[in-house]
Engineer: 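Mind having a look at this structure? Questions to follow.
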Amino acid sequence: MTGPRFRFAPSPTGFFHVGGARTALWNWALARSMGGTFVLRIEDTDAERNRPEWTQGIIDALAWIGVHTDDPHFEGPYFQSNYAEQHVAAAQRLFEQGDAYYCDMTGADVEARNKAEGNQGYQGWSRNRGLGPGPGHVLRFKVPAGTTVVHDLVRGEVTFDNSLIEDFVLLRGNGTPMFLLANVVDDMTMSISHVVRAEEHLPNTPKQQMMWEALGHEPPVWAHVPVLVNEARKKLSKRRDKVALEMYRDEGYLADAMVNYLMTLGWMPKGGEEIQPWAQMEADFRLEDVNHSPAFFDLKKLAAFNGDYIRSMSPAEFLEACRPWLLAADAPFPADRFDEEVFLAMAPVIQPRATTLAEALGVVDFMFLAEPAIDADAWAKATATPDLVGVLRSSSAAFEAVADWSADELKAAFEQAAEANGFAKPGKAQAPVRVAITGRTVGPPLFESLEFLGRDETLRRLRNADATIG
RNA sequence: GCCCCCAUCGUCUAGUGGCCUAGGACACCACCCUUUCAAGGUGGCGGCACGGGUUCGAAUCCCGUUGGGGGUGCCA
């Protein structure tokens, strides 16, 4: 692979952020459509928040959204912690070149001096003190005078006044490298040509660009994409918001729907049609077309996308997609009562009624439950008047007499029973039968359900329900 | 506080000086269809933050204001 080299560099935190997923997807689309490479680098240098299993979580999440480690465009994962020596070596080089210097002031020292002098930030106090490395000495980058212009593919030219950028820390007092340094050195080592990341990194960019230059390299192409925000228009946070990709997967959001939705947050496929196959989006995606303002991660719209994708599946695909929920320990009904044939046959009436896969099983759970729970309020309402009770009893009798147990005949039988009890519109009289059979007032078409439920079970449930009426 | 970014319906967006009476999607409302609920169909509501310029002409260019967001660690 000789094309451009992109990278995705998450820090392991135990879950995969939806914002990170979008960034990964955009990098992935770019790498693939440009014949380039997507480098995965796990930024695990902060021992505080890092566990080996987190990494697998990242790889699994990426695979779910279609970023596969066995794709020729994929490279990695690399672990930042393995490159500490190189980070330190680069810092050493900057020191030797005179682009960095040691400082023995602690954070408290800096704060105290600023308070005394009415200043803010680090004022380059140790620039000319000629300090060498030593315990507690941090290495700081000597920010040159002038301005730094960042060329950004989505923002354009952004100019920073270097005098407003403090001499930032490269190496901690204990000698370990800081993120800014590690990040730059790794990008250089991995020959990254395009850094596509969230906007929150834009203020870091002049610092990183100065390091690239000091280290004798041409900086990469930068692209800072807008952040994803919540309803209050604040950056999505794991404390407040539902940001874990895994949670959406577990609730039955389809990967294709999630991917499609994420892609359109800040970018619109050509032609203005939002629902697009991955291949099309991959081919069309351009950083130059990315929007500049933060995008609200809208659960309602995600749900709409998901419903759309669910409805477009064939019954067989739908069954397979539901399989994990059918086999789950907390499945809504016991596996041995499940009937694939029935589920397949009912799929077309289930799909338009479900927003998520998890929800889909709930639509037909009554078909596979030995004794579906009857909602008390629904039952009370469905049998509140004598005519409703009458419908229940006469339809029960009418069903018993049906010769051919089919939806059509059941419907005809029911309509007669309803009319006999004074209902001009049979639809209005469905409630008692529906509640008796399904436990609820709403659900898939009743007579088709009865057909599949079978004569014996239908009549049994009607008799049981009838018996509960005084 | 300081620095940076941003600003089209409630939301995601189309729009790159005349094609804009500002288009689509989600949400919402109404109607149709109908076997409940959905789905589907039709229609509706609703927006260029404000003020100055530039121009024959501005949602589009410039300046300012206001508003929002991000960043300001010996976190990543």
Side-chain angles (χ1 to χ4, degrees), chain A residues 9-13 43-46 48-50 80 103 105-107 110 120-122 136-140 150 152 154-156 158-161 164-166 168-180 182-183 198-206 224 226-227 229 231-235 261 264-275 291-305 307-308 310-311 348-355 363 382 407 410-411 414-415 418 425-431 433-435 438 440-449:
Chain A
S11 63
T13 53
E43 305 221 319
D44 59 349
T45 47
D46 183 0
E48 291 292 309
R49 40 168 144 155
N50 184 23
Q80 187 160 71
C103 173
M105 293 175 74
T106 64
V110 171
Q120 270 185 328
Y122 180 78
H137 292 195
V138 300
L139 183 69
R140 288 183 180 270
V150 171
D152 189 294
V154 346
R155 310 275 150 191
V158 187
T159 305
F160 295 86
D161 181 349
L164 267 8
I165 299 174
E166 67 175 26
F168 52 95
V169 174
L170 262 17
L171 254 29
R172 298 185 181 91
N174 65 9
T176 58
M178 291 283 291
F179 155 76
L180 243 33
N183 197 258
E199 192 192 346
E200 63 209 63
H201 292 285
L202 186 54
N204 285 155
T205 309
H224 289 89
V227 295
V229 297
E231 204 145 17
R233 301 212 72 81
K234 301 274 191 232
K235 191 171 71 162
Y261 178 60
T264 65
L265 244 28
W267 174 76
M268 182 68 93
K270 285 190 173 55
E273 197 53 56
E274 296 176 309
I275 304 284
N291 259 281
H292 295 183
S293 20
F296 170 46
F297 184 77
D298 187 353
L299 277 319
K300 279 191 175 157
K301 189 137 186 181
L302 204 215
F305 269 62
D308 203 296
I310 286 178
R311 289 190 294 278
V349 301
I350 303 169
Q351 287 167 267
R353 290 176 173 76
T355 290
V363 174
L410 289 164
K411 184 183 178 200
F414 173 79
E415 282 172 356
K425 285 201 167 182
K428 303 282 180 207
Q430 267 190 49
V433 175
R434 182 177 286 282
V435 178
T438 73
R440 292 182 288 259
T441 52
V442 301
L446 185 57
F447 306 110
E448 282 81 346
S449 302

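Small disclaimer: the values here were computed from a predicted structure and weren't measured. Within every chain, numbering begins at 1; the chains are lettered A, B, ... in the order of the sequence lines, protein sequences first and strands thereafter.
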Engineer: Given atom CZ of A/F179 and atom P of B/G71, what is their separation to the nearest angstrom?
Structural biologist: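 Roughly 12 Å, once rounded to whole Å.
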
Engineer: Between atom CZ in A/F414 and atom P in B/U35, what is the gap in whole Å?
Structural biologist: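 One finds 11 Å between P of B/U35 and CZ of A/F414, rounded.
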
Engineer: Answer yes or no: is there a side-chain heavy-atom contact under 4.5 Å between A/M105 and A/Y122?
Structural biologist: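 A/M105 reaches A/Y122 side chain to side chain.
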
Engineer: Please determine if a side-chain N or O atom of A/R353 lies less than 4.0 Å away from the OP1 or OP2 oxygen of B/U35.
Structural biologist: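 Checking A/R353 against B/U35: no side-chain N or O falls below 4.0 Å of OP1 or OP2.
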
Engineer: Between the base of B/G1 and the side chain of A/Q120, is there any donor-acceptor pair under 3.5 Å?
Structural biologist: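 Present.
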
Engineer: Checking A/F305 against A/T264 for the side-chain contact (heavy atoms from CB on, under 4.5 Å) test, could you report, in this order, the C-alpha distance in whole Å, the side-chain angles of both residues, the deciding distance, and whether it holds?
Structural biologist: CA-CA 11 Å; A/F305 269 62; A/T264 65; 4.1 Å; yes

Engineer: Only pairs with both distances under 3.5 Å count, Watson-Crick or wobble alike; so what is the partner of B/C19 in this structure?
Structural biologist: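 Per the H-bond distance test, none.
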
Engineer: Using atom CD of A/E166 as one end and atom C1' of B/U72 as the other, report the distance to the nearest whole Å.
Structural biologist: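 After rounding, the reported distance stands at 8 Å.
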
Engineer: Of all the nucleotides listed (B/C74, B/U35, B/C12), which has the minimum atom distance to the side chain of A/K411?
Structural biologist: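 Of the options given, the side chain of A/K411 lies nearest B/U35.
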
Engineer: Is there a Watson-Crick or G-U wobble partner for B/G1 with both distances under 3.5 Å, and which nucleotide is it?
Structural biologist: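 Check on B/G1: paired to B/U72, both distances under 3.5 Å.
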
Engineer: For A/E200, does the CD atom sit with more than 12 other heavy atoms under 6.0 Å from it, leaving out its own atoms?
Structural biologist: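 Result for CD/A/E200: enclosed.
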
Engineer: For atom NZ of A/K270, decide whether the heavy atoms of other residues, nucleotides or ligands shown that lie under 6.0 angstrom number more than 12.
Structural biologist: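 Check passes, neighbour count above 12.
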
Engineer: Check the distance between B/C74's P and A/L180's CG and give it to me in whole angstrom.
Structural biologist: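 Taking atom P of B/C74 as the reference, CG of A/L180 is at 11 Å.
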
Engineer: Is there a side-chain polar atom (N or O) of A/N204 under 4.0 Å from OP1 or OP2 of B/U72?
Structural biologist: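 No, A/N204 has no side-chain N/O under 4.0 Å of OP1/OP2 on B/U72.
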
Engineer: Is the distance from OP1 or OP2 of B/G71 to the nearest side-chain N or O of A/K235 less than 4.0 Å?
Structural biologist: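 Answer is yes, contact under 4.0 Å.
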
Engineer: If you go through the side-chain atoms of A/K301, does one of them form a donor-acceptor pair with the base of B/A27 closer than 3.5 Å?
Structural biologist: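 In this structure, the two groups form no donor-acceptor pair.
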
Engineer: Heavy atoms from C-beta onward define the side chain here; which of B/G24, B/A7, B/G71 lies closest to that of A/P203?
Structural biologist: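 Side chain of A/P203 sits closest to B/G71.
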
Engineer: Does a nitrogen or oxygen in the side chain of A/R172 sit under 4.0 Å from OP1 or OP2 of B/A76?
Structural biologist: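 For A/R172, the contact criterion (side-chain N or O under 4.0 Å from OP1 or OP2 of B/A76) is met.
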
Engineer: Nearest to the A/R140 side chain among B/C4, B/A7, B/C74, which nucleotide is it?
Structural biologist: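 From the listed options, B/C74 comes nearest.
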
Engineer: I'd like the P distance from B/C19 over to B/A58, given in whole Å.
Structural biologist: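 Looking at atom P only, B/A58 and B/C19 are 11 Å apart.
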
Engineer: For the pair made of CE in A/M268 and P in B/A25, what is the distance, rounded to whole Å?
Structural biologist: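 It is 10 Å, rounded to the nearest whole Å.
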
Engineer: How close do A/F160 and A/L202 get, heavy atom to heavy atom, and via which atoms?
Structural biologist: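 Residues A/F160 and A/L202, closest heavy atoms: CZ-O, 3.9 Å.
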
Engineer: Can you check the distance between B/C37 and B/U60, where both ends of the measurement are the P atom (answer in whole Å)?
Structural biologist: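 One P to the other, the span is 47 Å.
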
Engineer: Expressed as a whole number of angstroms, how long is the span from A/R311:CZ to B/C26:P?
Structural biologist: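 Rounded to the whole Å, the gap is 9 Å.
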
Engineer: Send over the distance from A/Q430 CD to B/C37 P, rounded to a whole Å.
Structural biologist: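 One finds 9 Å between P of B/C37 and CD of A/Q430, rounded.
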
Engineer: Whole-Å distance between B/C75 C1' and A/E200 CD?
Structural biologist: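 It works out to 12 Å between those atoms.
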
